[in-house]
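First the structure, in the form of structure tokens, and then the observations on it.
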2 protein chains.
Amino acid sequence: MEEREHDIYRKFQDLLSSKGVKPSFQRLLILEYIIKNKNHPSAEMIYQQISKNIPTLSRTTVYNNLNLFVKKGILTTLKTSDSESHYDIVDKPHAHFYCSVCGRIIDIDLKMPFFSRTFIQGHKIEEVKIQFLGICKKCLQ
Amino acid sequence: MEEREHDIYRKFQDLLSSKGVKPSFQRLLILEYIIKNKNHPSAEMIYQQISKNIPTLSRTTVYNNLNLFVKKGILTTLKTSDSESHYDIVDKPHAHFYCSVCGRIIDIDLKMPFFSRTFIQGHKIEEVKIQFLGICKKCLQ
DNA sequence: ATTTAATATTGTAATGATTACAATATTAAT
DNA sequence: ATTAATATTGTAATCATTACAATATTAAAT
């Protein structure tokens with residue numbers, strides 16, 4: 001990790017550090033992939049891509065770090081009808097649209113009363129997940 | 001299936017028939033379990049209970065029929081942080097609260113603008129799932 | 001009613017995503 | 001430089017679910 005990468009990865013380093021996670025090379029690439037692609041990847045998708053840059057990468061490392069990121073509040077998991085977990089960065093609250101035709105997960109920005117609530121019917125809310133299932137704009141055409 | 005059961009299971013039979021599913025004994029017991037318990041069970045929970053009544057019951061039968069029920073719109077799946085899928089009857093739209101302490105899934109009745117919408121940002125909506133994650137009323141005490 | 005076709009159930013084996021665990025490598029602290 | 005702490009790796013295990021073939025049950029047709 002020299003000069004050039006310092007520039008590119010500084011914000012990812014800062015994000016990890018601010019959450020108490022040491023910014024290793026593997027972790028930075030995993031985080032970079034998720035943030036830059038915005039495609040809500042599965043562990044396998046991440047592994048396939050990053051192992052091109054780190055041929056020795058292990059799936060276990062990907063799983064370890066995804067779990068760590070979730071625990072630290074950096075990522076959240078999306079469970080679709082397919083068998084793999086998908087991952088999304090935690091930033092501005094938003095919903096997701098799952099297309100049953102192409103399988104894509106599409107970010108849906110919308111204002112939600114619940115996103116700002118901390119309690120519902122006496123239960124303490126820590127996270128709100130809103131999923132729309134159906135057929136996306138593209139696949140309808 | 002004689003008299004007594006006819007009375008008890010008629011509404012379940014009607015529900016299955018109306019969705020084009022033949023009301024076999026196994027299917028009726030599976031449906032009954034989910035509707036009566038309202039506990040959003042996993043396939044394994046259903047298998048454990050119903051195999052008390054049908055000792056020859058196969059897990060495959062439970063999985064087959066749960067999948068069939070979902071395909072026919074009788075049930076919907078709930079994916080929690082645990083590794084199993086959970087199942088809920090499809091009736092009045094409602095949200096779910098997942099307690100990270102006791103693991104319960106609690107029905108949350110609330111009015112939602114989305115429940116009546118058929119499109120969002122050009123995408124065709126077929127189902128809306130709203131999950132609240134946190135700590136339930138009981139576990140907060 | 002009997003035969004035939006269709007459907008449902010069952011049991012076993014396979015699949016596949018994820019995790020457990022032990023070994024090695026890397027980084028940080030003394 | 002040495003030691004301790006942490007991260008990564010590879011392999012093996014786990015566990016929910018599915019594939020598949022065999023059997024049983026139900027429905028249809030003669």
Side-chain angles (χ1 to χ4, degrees), chain A residues 1-2 5 9 12-13 16-17 19-31 33 40-72 74-87 103, chain B residues 1-2 5-6 9 12-13 16-17 19-31 33 40-72 74-75 77-87 103:
Chain A
M1 298 277 295
E2 339 65 275
E5 281 153 332
Y9 294 119
F12 301 137
Q13 287 183 7
L16 291 181
S17 298
K19 299 283 187 176
V21 174
K22 244 181 277 181
S24 72
F25 187 49
Q26 285 85 338
R27 287 171 179 169
L28 284 170
L29 288 192
I30 292 171
L31 190 63
Y33 179 82
H40 314 92
S42 65
E44 183 64 20
M45 289 165 71
I46 295 167
Y47 170 76
Q48 291 299 337
Q49 275 304 315
I50 299 185
S51 53
K52 292 179 185 170
N53 296 346
I54 313 177
T56 61
L57 181 70
S58 165
R59 274 189 186 79
T60 302
T61 298
V62 176
Y63 280 109
N64 283 345
N65 287 323
L66 288 173
N67 287 337
L68 177 68
F69 291 175
V70 170
K71 202 174 69 180
K72 295 291 189 172
I74 298 165
L75 298 181
T76 188
T77 57
L78 307 178
K79 312 245 176 179
T80 72
S81 59
D82 80 20
S83 47
E84 294 170 285
S85 283
H86 293 253
Y87 295 87
Chain B
M1 297 275 296
E2 337 70 273
E5 280 154 335
H6 260 131
Y9 295 119
F12 300 136
Q13 287 183 9
L16 290 180
S17 299
K19 299 283 187 175
V21 175
K22 245 181 278 185
S24 73
F25 187 49
Q26 285 84 341
R27 285 171 180 170
L28 284 170
L29 289 191
I30 292 169
L31 190 63
Y33 178 83
H40 315 91
S42 65
E44 183 64 21
M45 290 165 72
I46 295 167
Y47 170 75
Q48 291 299 337
Q49 274 304 315
I50 299 185
S51 54
K52 292 178 185 170
N53 297 345
I54 313 176
T56 61
L57 181 70
S58 165
R59 274 188 187 80
T60 303
T61 299
V62 176
Y63 279 108
N64 283 346
N65 287 323
L66 289 173
N67 287 338
L68 178 67
F69 290 175
V70 169
K71 201 175 69 180
K72 295 291 189 175
I74 300 166
L75 298 181
T77 58
L78 307 178
K79 312 243 177 179
T80 70
S81 59
D82 80 21
S83 47
E84 294 169 285
S85 283
H86 293 251
Y87 295 87

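Reminder, nothing fancy here: chain letters follow the sequence lines and each chain counts from 1.
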Indicate for each nucleotide in nucleotides 10-22 of chain D, in 5' to 3' sequence, whether protein heavy atoms under 4.0 Å reach the base (B), only the sugar-phosphate (S), or nothing (-).
BB----SBBBB--
Categorize A:Thr61 for me: base, sugar-phosphate, or nothing, with a 4.0 angstrom heavy-atom threshold over every strand shown.
base
If the cut-off is 4.0 Å, is A:Asn65 near the phosphate of D:dA7, judged by side-chain N/O to OP1 or OP2?
no
Atom-to-atom span, CZ of B:Phe25 to P of C:dT10 - whole angstrom:
11 Å
Side chain to side chain contact (heavy atoms under 4.5 Å, CB included) against A:Ser85, all qualifying residues, sequence neighbours excluded
A:Lys79, A:Tyr87
For B:Arg27, give me all partners under salt bridge (charged side-chain N to carboxylate O under 4.0 Å, His left out), at least two apart in sequence or on another chain.
none
Euclidean distance, atom CG of residue B:Leu68 to atom C1' of C:dA6 [Å, nearest integer]
15 Å
Protein-nucleotide distance (B:Ile54, atom CD1; C:dT10, atom C1'), rounded to Å:
12 Å
Throw together a table of side-chain donor-acceptor distances under 3.5 angstrom for residues 46-55 of chain A, partners on residues two or more places apart or in other chains.
{"from": "A:Gln48", "atom 1": "NE2", "to": "A:Glu44", "atom 2": "OE2", "distance (Å)": "2.5"}
{"from": "A:Ser51", "atom 1": "OG", "to": "A:Tyr47", "atom 2": "O", "distance (Å)": "2.6"}
{"from": "A:Ser51", "atom 1": "OG", "to": "A:Gln48", "atom 2": "O", "distance (Å)": "3.2"}

B:Leu16 CG to C:dT7 C1', in whole Å, measures 15 Å
Restricting to nitrogen or oxygen on both sides, can you table the protein-nucleotides 26-30 of chain C pairs closer than 3.5 Å?
none

Rounded to whole angstrom units, what separation is found between the NZ atom of B:Lys71 and the C1' atom of C:dA8?
13 Å
Test of understanding: with side chain to side chain contact (heavy atoms under 4.5 Å, CB included), list the residues that count as partners of A:Ser17, not counting sequence neighbours.
A:Pro23
Can you name the ring pair (Phe, Tyr, Trp, His ring centres under 6.0 Å) partners of B:His86, sequence neighbours left out?
none
Residues forming a side chain to side chain contact (heavy atoms under 4.5 Å, CB included) with A:Ser83, sequence neighbours excluded
none
Separation between CZ of B:Phe25 and CG of B:Leu57, rounded to the nearest 0.5 Å
10.0 Å
Whole-Å distance, B:Lys79 NZ to C:dT18 P, equals 11 Å
In whole Å, I'd like the distance from the CZ atom of A:Arg27 to the P atom of D:dT9.
11 Å
Under a 3.5 Å cut-off for both contacts, is D:dA5 paired Watson-Crick or G-U wobble with anything, and if yes, with which nucleotide?
C:dT26
Interatomic distance, A:Phe69 CZ vs C:dT18 P [rounded to whole Å]:
16 Å
Report the residues that fulfil side-chain hydrogen bond (donor to acceptor under 3.5 Å, both in side chains) with A:Ser42, sequence neighbours left out, ordered by chain and then residue number.
A:Glu84
Please report the closest heavy-atom contact between A:Ile74 and A:Leu16, naming both atoms and the distance.
CD1-CD2, 3.7 Å
